[in-house]
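One-based numbering along the sequence shown.
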Amino acid sequence: MNSRADLAVLMPERDNEGFLLNPAEWSRTLAPLLAAEDGLTLSAAHWQVLDFIRAWYAENESVPEARRVIQHLAAQGSDKRAAKQALYELFPHGYGQQACRVAGMRKPLKLMLDV
């Protein structure tokens, strides 16, 4: 299963920028496919961010602002500046544009979710 047609069958409906139209259709199996579209290979650090986004969404029915993710990362043992740098190294196209898309969120209303 490596053809574009096979991938299209697995991929839920998305908008013209690649954001899922229904976040409930996201799965951990789908995330690496979404990440690969941007040339990313997901590491444990990526999953820490993605899992936080998904947990926040499940609890609040909204996408967490970048500052919430940075606070979460900082609580894991780094300062906020290092956490912010780590977030943007993991998702170089930006939190709203890339991390939220790979996490299966709809396009955030405010793509400028940065601190």
Can you list the residues that meet the side chain to side chain contact (heavy atoms under 4.5 Å, CB included) rule with [X], with sequence neighbours excluded?
X: His46; result: Leu40, Leu42, Ser43, Leu90, Phe91
X: Ala36; result: none
X: Asp79; result: Arg81, Ala82
X: Gln85; result: Glu89

Legend entry - Rounded distance [0.5 Å steps], CD1 in Ile70 versus NZ in Lys80: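 Ile70 CD1 to Lys80 NZ: 9.0 Å, rounded to 0.5 Å.
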
Inset, instruction - Quick one: pull up CH2 in Trp26 and CD1 in Ile53 and give me the separation to the nearest 0.5 Å. - result: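 Rounded to the nearest 0.5 Å, the CH2-CD1 separation comes to 9.5 Å.
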
Identify the two heavy atoms, one from [X] and one from [Y], that lie closest to each other, and give their separation to 0.1 Å.
X: Ala74; Y: Ala83; result: N-CB, 3.7 Å
X: Tyr95; Y: Tyr88; result: N-CE2, 3.7 Å
X: Pro32; Y: Thr29; result: CD-O, 3.3 Å

Inset, instruction - Sort and list the pairs that fulfil salt bridge (Lys or Arg N to Asp or Glu O under 4.0 Å) and have at least one residue in residues 42-64, not counting sequence neighbours. - result: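 Those involving residues 42-64 are Arg28-Asp51.
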
Hey, can you pull the donor-acceptor pairs under 3.5 Å for the side chains in residues 98-105, sequence neighbours left out?
from   : atom 1 : to    : atom 2 : distance (Å)
Gln98  : OE1    : His93 : N      : 3.0
Gln98  : NE2    : Asp38 : OD2    : 3.1
Arg101 : NH1    : Glu37 : OE1    : 3.2
Arg101 : NH2    : Leu34 : O      : 3.4
Arg101 : NH2    : Asp38 : OD1    : 3.1
Arg101 : NH2    : Asp38 : OD2    : 2.3

Inset, instruction - May I ask you to decide if Phe19's main-chain N or O and Arg14's side chain share a donor-acceptor pair within less than 3.5 Å? - result: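 Here the side-chain-to-backbone pair does not exist.
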
Inset, instruction - Keeping the roles fixed (side chain from Asn60, backbone from Ser62), state whether a donor-acceptor pair exists under 3.5 Å. - result: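 Such a contact is absent between Asn60 side chain and Ser62 backbone.
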
Legend entry - Verdict with reasoning, Phe52 to Gln48, per side chain to side chain contact (heavy atoms under 4.5 Å, CB included): CA-CA 6 Å; Phe52 178 80; Gln48 183 180 11; over 6 Å; no

Inset, instruction - Check whether Leu30 and Trp47 end up in the same hydrophobic cluster, where Ile, Leu, Val, Met, Phe, Trp and Tyr are linked by side-chain heavy atoms less than 4.5 Å apart. - result: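 Linked within one cluster.
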
